[in-house]
Structures are given as structure tokens and as C-alpha cells.
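So you know, we letter chains A, B, ... as the sequences are listed, proteins then strands, and number each from 1.
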Amino acid sequence: MTDDERAAYTESVLLLVEAIPAGRVMAYGDVADAVGGNGPRRVGRVLSQHGGGVPWWRVVRADGTLPPSHREAAPAYYQAEGTPLATGSAGMRVDMARAGWRPGPAVLRTLPSRR
DNA sequence: GCAATGACTGGTA
DNA sequence: TTACCAGCCATTG
């Protein structure tokens, strides 16, 4: 993959994450699918490096549980935004059935890698 | 160029 | 419906 494509992919991920409404979340796999990504893990890597300027707490694992790096600060954001939560043995997780969000065509059009 | 690493997913219990 | 286990893939050292 070229540097150029990588940059477009990174930008697409960041734009998409910024487009997620407050109180809603997306799974890494959903993000990868929306931007045409090759794998979910890549989305995580992009956010770990460039996610400083976007609402990264609105991106969670497919089953609603939080990555270790999120458990610290994310819960505060969820409470503040009224994100649907559920509680499990592994601590807390997001109620994906209610909080799950999918980008519309208008949003997808703004993604470089989708254009 | 090879081996290790990670902000993950899907299937099974 | 939730929890646990093994596989995948691009990036980094």
C-alpha cells in the first residue's frame, strides 16, 4: 500500500469518527467496512496514532466491550452523552443494540477512500 | 527480510 | 445473551 493511500485511509477514518453523533458508537469492524478498510485492526492502529483529535471513545469493539486504553476515560464521556450502557462481568460495556450507529450516504461521500 | 505486536472479530461453550 | 479462545493482517523494530 502506498503512502498516499494510507493517508487517505487515515483521513477517512478520522472523518468518519468525527461524524459519529454524541451518544452513539461504532465498532472497529463497522468503521473498516464503511471506509473500505482491509481489516478492523488497522482502524485501531490508525486511531492509536492519529486519534488524538477525534471522539475516539465512540469507537468500541464489536461486542460492546471497551479496549483497555478506553476504560480509563471513556465511561465519563458515555455518561455525559447519555450513551446506552450495559453491565457485565468484565466491567461495563456499551449497549450495541441501542447505541450502534451506521453512517448514511451523505457521510460516506465525504470519505476520501470512498470517493 | 523476518519476527513481534496490537485501541479486533467471529465462532463456540 | 455473555464470556472465553484462536486466528488474521498491517505496521513497526
**OP:** Could you tell me which residues satisfy side chain to side chain donor-acceptor pair (under 3.5 Å) with A:W57, sequence neighbours excluded, listed by chain and number?
**Re:** A:E81
**OP:** Mind checking side chain to side chain donor-acceptor pair (under 3.5 Å) for A:R24 and listing every partner two or more places apart, or none if nothing turns up?
**Re:** none
**OP:** Show the numbers, then the answer: is there a side-chain contact (heavy atoms from CB on, under 4.5 Å) between A:M26 and A:L16?
**Re:** CA-CA 10 Å; A:M26 273 185 81; A:L16 184 56; 4.1 Å; yes
Original post:
Who are the side-chain contact (heavy atoms from CB on, under 4.5 Å) partners of A:P84, not counting sequence neighbours?
Top reply: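 Counting only residues at least two positions away or on another chain, A:P84 forms a side-chain contact (heavy atoms from CB on, under 4.5 Å) with A:D95, A:R98, A:A99.
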**OP:** List for me each residue that meets side-chain contact (heavy atoms from CB on, under 4.5 Å) alongside A:P105, sequence neighbours excluded, and say none if there are none.
**Re:**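 Partners of A:P105 by the side-chain contact (heavy atoms from CB on, under 4.5 Å) criterion come out as none, since no residue qualifies.
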**OP:** Would you please test A:V13 and A:R45 for side-chain contact (heavy atoms from CB on, under 4.5 Å) and show each step?
**Re:** CA-CA 11 Å; A:V13 171; A:R45 193 168 286 281; over 6 Å; no
Subject >> Over 12 foreign heavy atoms within 6.0 Å of CD, A:E72 >> reply: no
Original post:
Between which nucleotides of DNA chain B, 5' to 3', does chain A make heavy-atom contacts below 4.0 Å?
Top reply: B:dT5 to B:dT9
Could you run down the sub-3.5 Å N/O contacts of the protein with nucleotides 6-13 of chain C?
residue : atom : partner : partner atom : Å
C:dT11  : O4'  : A:R45   : NE           : 3.4

